[in-house]
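In what follows, every chain begins at residue 1, and chains take the letters A, B, ... in the order their sequences are listed. On a predicted model such as this, the values are computed, not experimentally measured, just so you know.
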Protein chains: 2
Amino acid sequence: MAKSVKKRSRAAVIPYHHGDLRRALIDAALALAAEGGPSAVSVREAARRAGVSPGAPFRHFDSREALMTAVAEEAQQRFRAEIDAALAGTAAEGPLRQLKLLGMAYLRWAMRNPAHFEIISTGRWFDHDAAVAVSRDNADAIALSEQLLAQAAASGQLRPVDLKATQIAGRALVYGLARMNIDRHFPRWGVQPEQVERIAEQALDVFISGIAK
Amino acid sequence: MAKSVKKRSRAAVIPYHHGDLRRALIDAALALAAEGGPSAVSVREAARRAGVSPGAPFRHFDSREALMTAVAEEAQQRFRAEIDAALAGTAAEGPLRQLKLLGMAYLRWAMRNPAHFEIISTGRWFDHDAAVAVSRDNADAIALSEQLLAQAAASGQLRPVDLKATQIAGRALVYGLARMNIDRHFPRWGVQPEQVERIAEQALDVFISGIAK
DNA sequence: TCGTGAATGTAAGCATCGATTACATAATTG
DNA sequence: CAATTATGTAATCGATGCTTACATTCACGA
């Protein structure tokens, strides 16, 4: 019983079975994406990093896209956790302040995890229909922003604006900033990396003060 | 003299030399991108469409990236032409109106040529340093928006805003809308294709009226 | 006019990648 | 302990980017 365990734990004996190859492949893919962008993720390289043959991953993922789908779900979970944490217990601060906190948490994560954000936000890298959690979390975030905007309007904190158009504009602003970061618009435009988050915050302030009464 | 010409024009005689393979490859690549996105562009398929061997393109482009760079320059030229046309002779309409016209022309082209817009806007698909025209046109557009914003401020049409932050917010808004279209956020969110441009215009209006006095 | 060098194409082949198939080994379970 | 299932390897396929060696055509000057 303990014998077989001892045998494998002995020095550099590589067990035929990996243990948790699925998890290792997702982690390797996340690392590859972080290093060279989503396109740098290859099944073979992930297998290489997990110390396994090129065909092994296909026992756990039917295709490269299936691996990316799992990666997207993992990334989306981390993304959502950060946003939830930022908004926890802030209800008393008012909807406009919460809207800004939501935007800042969103941007903060997107700026610091550009490749992972790109994977979940584009849908080009994974099967959107298969990754139900991604869609759900996204819908939740959108619904939350709608709610906060409606609250702000109901409590008379907004100038007379079209709520729907305003919500889309806000989403587009935040998404645009995240995308500009991914697409290297900021360095090309002379913005230092450490300034990016601050500049994004200022842009968000411009928008919010533009709709606030 | 005319003999050789006649010989080749006769029926289905394929000349050894293409005539303008470079041009044909760029056109094929543009078509491939439009059909399946930038990642659908392959050197071999472009060669296939031009009726030429897989190695031939490398006489004109050192790499796939070099082909994409030429594609980007072509696309950027079309993009800029559309914007210039939209702004021609509109100086009398005032800076804020021109700002909106600029944004709408930008969005219009981006929405109708998503793949080509993605190529020029991301820099992941081509060598940004080699495509000087792309950088220059982009810088011009940015400079123009700065100018218009400064004019609006100087003539007292703006609320008291941070001009730099406002300009970045405006860019991010427009870029975000274009990107949401590319990344299929709109259909996923139940927005009909024919409504996209109208919704984008409304979002732009929200922003501009938010900064206007 | 011609012939020679440059330009431009073909053919064949390399490495990498995603993916499949047949087979081998370990883990689990009755 | 035996048999079934899960999970790995090995070998292979077709597509791709890219290179090299060779073939053909074009353009220009003697």
Side-chain angles (χ1 to χ4, degrees), chain A residues 1-10 13-26 28-29 32-33 35-71 124-127 130, chain B residues 1-10 13-26 28-29 32-33 35-71 124-127 130:
Chain A
M1 29 162 90
K3 217 181 242 182
S4 68
V5 173
K6 228 175 200 172
K7 205 183 270 180
R8 84 156 46 157
S9 67
R10 200 113 188 91
V13 178
I14 297 170
Y16 190 92
H17 280 198
H18 181 283
D20 195 354
L21 182 54
R22 182 187 163 86
R23 183 70 243 165
L25 290 169
I26 293 174
L32 285 169
E35 290 166 24
S39 67
V41 177
S42 87
V43 176
R44 289 180 108 96
E45 181 59 27
R48 225 169 275 140
R49 296 203 176 189
V52 101
S53 78
F58 291 91
R59 289 287 172 195
H60 300 272
F61 303 100
D62 285 347
S63 64
R64 182 192 122 112
E65 195 184 33
L67 170 57
M68 292 303 271
T69 300
V71 168
R124 173 159 292 158
W125 301 107
F126 68 97
D127 180 357
Chain B
M1 28 160 97
K3 217 180 243 183
S4 67
V5 172
K6 226 171 199 173
K7 206 182 269 180
R8 85 155 46 157
S9 65
R10 202 111 183 90
V13 177
I14 298 169
Y16 190 92
H17 281 198
H18 181 282
D20 196 352
L21 182 53
R22 183 187 163 85
R23 183 70 241 164
L25 290 168
I26 293 174
L32 284 169
E35 291 165 22
S39 66
V41 178
S42 87
V43 177
R44 287 180 110 97
E45 182 59 27
R48 222 168 278 138
R49 295 203 176 188
V52 102
S53 77
F58 291 91
R59 290 284 172 198
H60 301 273
F61 303 101
D62 284 348
S63 63
R64 183 191 120 114
E65 193 184 35
L67 170 59
M68 291 303 270
T69 300
V71 168
R124 173 158 292 159
W125 301 107
F126 67 97
D127 180 356

Give the rounded distance in Å between these two atoms: [atom1] of [X] and [atom2] of [N].
X: M68(B); N: dT16(D); atom1: CE; atom2: P; value: 15 Å
X: H60(B); N: dG17(D); atom1: NE2; atom2: P; value: 16 Å
X: L21(B); N: dT10(C); atom1: CG; atom2: C1'; value: 12 Å

- Residues in salt bridge (charged side-chain N to carboxylate O under 4.0 Å, His left out) contact with R23(B), at least two apart in sequence or another chain: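 Testing R23(B) for salt bridge (charged side-chain N to carboxylate O under 4.0 Å, His left out), a comparison that skips the adjacent residues, returns D27(B), E74(B).
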
- Message: For the backbone of F126(B) and the side chain of T69(B), can you confirm whether one donor and one acceptor N or O come within less than 3.5 Å of each other?
- Response: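 No.
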
- Task: Examine distances only and state if a side-chain atom of R124(A) and a backbone atom of G37(B) form a donor-acceptor pair shorter than 3.5 Å.
- Result: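 A pair under 3.5 Å: no.
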
- Note on the structure: In B/S/- notation (B base, S sugar-phosphate only, - none; protein heavy atoms under 4.0 Å), nucleotides 17-22 of chain C written 5' to 3' is BBBB-B

Contacts under 3.5 angstrom, residues 48-56 of chain B side chains, donor-acceptor by atom type, not counting sequence neighbours:
from   : atom 1 : to     : atom 2 : distance (Å)
R48(B) : NH1    : E45(B) : OE1    : 2.4
R49(B) : NE     : E45(B) : OE2    : 3.4
R49(B) : NH1    : E35(B) : OE2    : 3.1
R49(B) : NH2    : E35(B) : OE1    : 2.9

- Message: Tell me whether D62(B) at atom CG has more than 12 heavy atoms from other residues, nucleotides or ligands lying less than 6.0 Å away.
- Response: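 It does not: D62(B) CG has 12 such atoms or fewer within range.
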
